[in-house]
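Per chain, numbering begins at 1; letters A, B, ... match sequence-line order. When reading the values below, keep in mind they use all heavy atoms of this one structure, side chains included, and skip hydrogens, waters and symmetry mates.
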There are 2 protein chains.
Amino acid sequence: MNILDKINTQLSEFSKSERKVAEVIIAAPHEAIHASIATLAKQADVSEPTVNRFCRRLDTKGYPDFKLHLAQSLANGTPYVNRHVDESDSPQAYTEKIFESTMACLDTARQSIDVNSINRAVDLLTQARQISFFGLGASASVAHDAQNKFFRFNVPVVCFDDIVMMRMSCINSNDGDVVVFFSHTGRTKSLVELAQVARSNEAIVIGITELDTPLAKECNLVLSSNVPEDTDMYMPMASRIAQLVLVDVLATGFTLRRGNKFRDNLKKVKDSLKISRFEKK
Amino acid sequence: MNILDKINTQLSEFSKSERKVAEVIIAAPHEAIHASIATLAKQADVSEPTVNRFCRRLDTKGYPDFKLHLAQSLANGTPYVNRHVDESDSPQAYTEKIFESTMACLDTARQSIDVNSINRAVDLLTQARQISFFGLGASASVAHDAQNKFFRFNVPVVCFDDIVMMRMSCINSNDGDVVVFFSHTGRTKSLVELAQVARSNEAIVIGITELDTPLAKECNLVLSSNVPEDTDMYMPMASRIAQLVLVDVLATGFTLRRGNKFRDNLKKVKDSLKISRFEKK
DNA sequence: ACTACAGATGTAATAAATTTACATTTTCTA
DNA sequence: TAGAAAATGTAAATTTATTACATCTGTAGT
């Protein structure tokens with residue numbers, strides 16, 4: 001979280017002297033990062049320990065740590081603040097905003113992801129007798145994408161975006177099957193029900209969805225990207241990208257787990273496509 | 001200017017000990033910014049002044065100044081060097097690398113995108129009598145995703161991932177139709193041929209693919225994400241994400257062009273989904 | 001208005017970190 | 001292999017940050 005914003009937000013919580021420090025920093029943050037604690041104290045007309053206390057109040061370890069945070073806030077001019085597309089935005093503006101908000105979203109997702117869960121998911125997938133990917137609506141394309149990736153691994157994999165097919169598949173599932181549900185909301189009724197069916201047939205259920213949702217509760221393992229809701233205005237955008245990257249991570253974990261010999265297999269699939277393509281000049 | 005890149009570029013100009021320092025920093029830059037010069041020196045198995053000299057060689061004032069620069073390089077997900085997943089990577093490591101390389105890729109894409117083309121594409125799409133999205137393999141899921149987005153706009157939209165259906169659709173296409181081809185390589189023979197068919201039937205052909213490829217040559221308009229090839233090792237990863245974000249941009253441009261009244265429409269679609277979901281607690 | 005107390009601020013000492021000056025080692029060249 | 005130049009390390013000096021404690025300020029209760 002941007003420390004400059006934080007200073008502004010907490011401005012009222014500071015004491016008189018601390019506020020003096022805050023003002024000097026806000027007025028010239030670029031100079032502040034190059035100042036020593038003594039210089040800054042003099043500029044704000046306070047003592048050095050006051051500056052130090054100011055830093056601690058912002059949950060930093062001390063002055064040098066604070067400068068590090070400040071430097072990051074100042075990197076790249078204005079980082080991705082202006083996330084929301086505005087009606088009056090030019091094509092240039094909304095293009096940049098969407099790219100930046102997507103990147104910001106991935107950054108958040110990366111930080112919130114639980115690596116142990118990733119690792120367990122890879123465990124489960126590598127040992128699966130068969131993998132099924134299910135998704136509806138916007139999540140259907142994520143499921144298709146997952147199929148496309150895992151299919152290359154020469155593992156039995158199916159993908160459905162149709163409730164009826166999903167149900168049939170779940171009813172026939174067995175011990176050793178892994179079913180992956182993609183759901184942005186985690187609240188789609190039919191998916192929750194299907195997860196129950198799959199589990200009662202001994203299949204392992206992985207949910208790529210939000211934590212603490214009805215769907216999450218039915219899963220053996222949940223991977224959450226934990227993306228701020230407000231990024232997706234009227235349709236899932238950034239959150240779906242985060243899910244896709246998660247699929248990339250799982251696929252990568254899968255190939256690494258399988259080792260070298262296996263990667264030849266991937267190359268074979270890739271090479272097999274050559275015949276359907278024009279030569280590269 | 002990114003100091004991590006700079007370290008990599010100048011790697012050959014460093015002396016033996018300096019290179020040791022460089023390697024430690026590249027291996028764990030996030031930790032380096034919190035280390036003191038003594039800690040770092042010990043990790044690199046060199047003396048403290050060597051670290052200092054290393055910093056100066058990179059045109060910084062000294063170690064603290066160097067850390068500031070480094071912190072800025074790492075700020076807000078600004079992607080960094082070690083993009084390639086390595087066989088010995090821990091789950092933590094490959095997860096981070098994939099997220100970061102994806103973000104790096106989006107950053108590149110954003111910079112290389114031609115806004116005028118975006119704008120023209122939005123023009124064409126808003127005026128379309130019908131929109132078709134075509135993609136094969138990994139691009140099929142991008143096409144599906146596009147369908148999912150544009151379908152909400154209450155515009156006639158179809159999507160095919162099947163050569164035969166595509167062909168039928170192209171043969172029946174007309175003046176006023178817009179056909180969007182997704183192709184990572186731009187070299188898939190059947191798609192190139194279909195683009196020709198569509199054009200000869202007066203449809204407008206938009207290609208979301210690489211510039212200067214056989215497919216690009218058959219298009220009325222090409223949107224290229226221009227993603228470095230080496231990011232996609234054995235399967236399309238980052239490049240496909242860039243295409244999806246491009247779809248987001250086009251969809252956003254579309255809604256903006258249609259104005260306020262239209263956004264109610266989107267809300268209606270979103271609300272219509274509520275009945276199939278569990279209430280939010 | 002005075003006292004007692006809590007919070008805020010400053011002073012000075014201490015500790016930590018960085019830099020400098022110089023000594024030693026290594027590497028290259030003749 | 002001697003000698004110079006470059007690289008690296010050691011230890012002292014300097015700068016910088018932190019801690020402990022003293023002082024001040026404002027406030028609530030009497």
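- Using a 4.0 Å cutoff to heavy atoms of chain B, the contacted part of DNA chain C runs 5' to 3' from C/dT18 to C/dT27.
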Derivation and outcome, side chain to side chain donor-acceptor pair (under 3.5 Å), residues A/Ser36 and A/Thr39: CA-CA 5 Å; A/Ser36 74; A/Thr39 316; 3.0 Å; yes

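- For A/Gln111, the CD atom counts as densely surrounded, since its 6.0 Å shell holds more than 12 non-hydrogen atoms of other residues, nucleotides or ligands.
- Between the CG atom of B/Asp65 and the P atom of D/dT15 there is a distance of 17 Å, rounded to whole Å.
- Per the geometry, NZ belonging to B/Lys42 stands 19 Å off C1' belonging to D/dT8, to the nearest Å.
- Look at A/Asp123 and A/Arg120 and you find no salt bridge, because none of the NZ, NE, NH1 or NH2 atoms lies under 4.0 Å from a carboxylate O.
- Formation of a donor-acceptor pair under 3.5 Å by the B/Glu18 side chain with backbone atoms of B/Ser15 is found in this model.
- Atom CD of A/Gln10 has more than 12 heavy atoms from other residues, nucleotides or ligands within 6.0 Å.
- In the model, B/Arg240 has no side-chain atom that pairs as donor or acceptor with a side-chain atom of A/Asn148 under 3.5 Å.
- Judged by distance alone, with hydrogens and angles left aside, the side-chain atoms of A/Asn220 form a donor-acceptor pair with the main-chain N or O of A/Val205 at under 3.5 Å.
- There is no side-chain donor-acceptor pair under 3.5 Å between A/His184 and A/Ser139.
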For a side chain to side chain contact (heavy atoms under 4.5 Å, CB included) check, start with the C-alpha distance between A/Val24 and A/Asp45, then their side-chain angles and the critical distance, and finish with the verdict. CA-CA 10 Å; A/Val24 170; A/Asp45 192 29; over 6 Å; no

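- A/Lys217 and A/Asp212 are not joined by a salt bridge, as no carboxylate oxygen comes within less than 4.0 angstrom of a charged side-chain nitrogen.
- Rounded to a whole Å, the NZ atom of A/Lys67 is 10 Å from the P atom of D/dT18.
- The stretch residues 15-41 of chain A touches DNA chain C through A/Ser15, A/Lys16, A/Ser17, each having a heavy atom within less than 4.0 Å of the strand.
- Annotation: proximity of residues 47-55 of chain B to DNA chain D (heavy atom, distance under 4.0 Å) is found for B/Ser47, B/Pro49, B/Thr50, B/Arg53, numbered in ascending order.
- In this structure, B/Asp45 places its CG atom 12 Å from P of D/dT8, rounding to the nearest Å.
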